[in-house]
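Keep in mind that this is a model prediction, so the values were computed, not measured.
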Amino acid sequence: MNKAFCKEPDSSLPPRCPRCGANGVQVAGETLRTHLRDPAAEPLGEPAYFCGTDACEVAYFDLLERCVDVAAAQGLCWPKDPAGPLCSCHGLTVDDIDADIDDGRPTRVRRVVQAAALPDAACAVKSPDGRSCAGRVQRHYMKRRAELGN
């Protein structure tokens, strides 16, 4: 086929999850090794990406659309793992958020957000997307507060 009729991939766009179509978040090899059992990580090439969509069964994927499902991953955070913490680094759970709302003071949330900003925070390894959990924690706190009418 003539090259004029072949479309080159647009490298300026973020890679999309092969199952749900959501933008992926690139993760480092260290993050991937922490959250995948060895046999599960073998099929993924570099770079690898995390699918952050709640309802999608894909945890990680690569540019060749090879996927590792949530069931083959470990240490994922809520909502990918409904029993998992919101913050893998500091162990903050959905129940802790509800307790802060009941108390009328976001003390647990503030403590985690402050700790996540410290230079020794382990977010790059412990968080499945390799990012700080502060944004995820704050978004969930505000969402939950609105749901409960506080």
Side-chain angles (χ1 to χ4, degrees), residues 10-63 65-150:
D10 186 353
S11 62
S12 67
L13 297 174
R16 296 185 173 272
C17 174
R19 295 217 191 118
C20 73
N23 290 346
V25 175
Q26 188 172 349
V27 295
E30 185 179 18
T31 303
L32 201 60
R33 285 187 295 278
T34 299
H35 294 282
L36 297 180
R37 297 176 190 97
D38 291 333
E42 283 180 27
L44 292 182
E46 288 189 25
Y49 301 87
F50 177 75
C51 175
T53 305
D54 303 354
C56 185
E57 287 298 315
V58 171
Y60 297 97
F61 64 94
D62 66 12
L63 293 174
E65 298 185 350
R66 295 176 291 198
C67 300
V68 174
D69 288 345
V70 170
Q74 59 191 8
L76 296 181
C77 59
W78 183 92
K80 283 284 192 185
D81 176 3
L86 263 170
C87 172
S88 303
C89 310
H90 306 288
L92 187 79
T93 66
V94 173
D95 292 338
D96 292 332
I97 298 276
D98 287 347
D100 267 6
I101 292 169
D102 288 344
D103 294 346
R105 292 184 316 254
T107 53
R108 296 167 189 86
V109 170
R110 283 189 186 133
R111 184 173 44 242
V112 165
V113 169
Q114 289 169 350
L118 295 175
D120 64 342
C123 298
V125 176
K126 290 186 177 183
S127 182
D129 62 2
R131 295 180 171 185
S132 171
C133 61
R136 180 172 52 247
V137 167
Q138 290 171 323
R139 278 191 305 277
H140 185 73
Y141 176 80
M142 297 306 291
K143 177 183 169 190
R144 204 55 191 132
R145 210 171 102 180
E147 288 173 356
L148 296 173
N150 291 340

Please determine whether side chain to side chain contact (heavy atoms under 4.5 Å, CB included) holds for the pair C20 and V58, giving the CA-CA distance in whole Å, both sets of side-chain angles, and the decisive distance to 0.1 Å. CA-CA 8 Å; C20 73; V58 171; over 6 Å; no

Has [X] got a side-chain atom pairing as donor or acceptor with [Y]'s backbone, closer than 3.5 angstrom?
X: H35; Y: A73; value: no
X: T31; Y: P128; value: no
X: K80; Y: T53; value: yes

Starting from the C-alpha separation in whole Å, work towards a yes-or-no answer on side chain to side chain contact (heavy atoms under 4.5 Å, CB included) for L86 and D96. CA-CA 9 Å; L86 263 170; D96 292 332; over 6 Å; no

Exercise: identify the closest heavy-atom pair between [X] and [Y]:
X: A134; Y: A116; result: CB-CB, 4.4 Å
X: T34; Y: Q74; result: O-NE2, 3.5 Å
X: F61; Y: C17; result: CZ-N, 3.5 Å
X: G130; Y: V27; result: N-CG1, 4.5 Å
X: V112; Y: C133; result: CG1-SG, 4.0 Å
X: D62; Y: G45; result: OD2-N, 2.8 Å

Pairs touching residues 113-136 that satisfy salt bridge (Lys or Arg N to Asp or Glu O under 4.0 Å), sequence neighbours left out: D129-R136

Which distance, rounded to the nearest 0.5 Å, do you find between the [atom1] of [X] and the [atom2] of [Y]?
X: D54; Y: W78; atom1: CG; atom2: CH2; result: 6.5 Å
X: C51; Y: N23; atom1: SG; atom2: CG; result: 9.5 Å
X: R16; Y: Y49; atom1: CZ; atom2: OH; result: 13.0 Å
X: H90; Y: C123; atom1: NE2; atom2: SG; result: 5.5 Å
X: I101; Y: Y141; atom1: CD1; atom2: OH; result: 5.5 Å
X: L44; Y: Y60; atom1: CG; atom2: OH; result: 10.0 Å

More than 12 heavy atoms of other residues, nucleotides or ligands under 6.0 Å from CD of E46: is that the case? no

Salt bridge (Lys or Arg N to Asp or Glu O under 4.0 Å) assessment of D69 paired with R19: CA-CA 10 Å; D69 288 345; R19 295 217 191 118; 2.6 Å; yes

Is there side-chain contact between V109 and I97, with heavy atoms separated by less than 4.5 Å? yes

Is any side-chain heavy atom of C87 closer than 4.5 Å to one of C89? yes

Hey, is R144 close enough to D100 for a salt bridge, meaning N to O under 4.0 Å? no

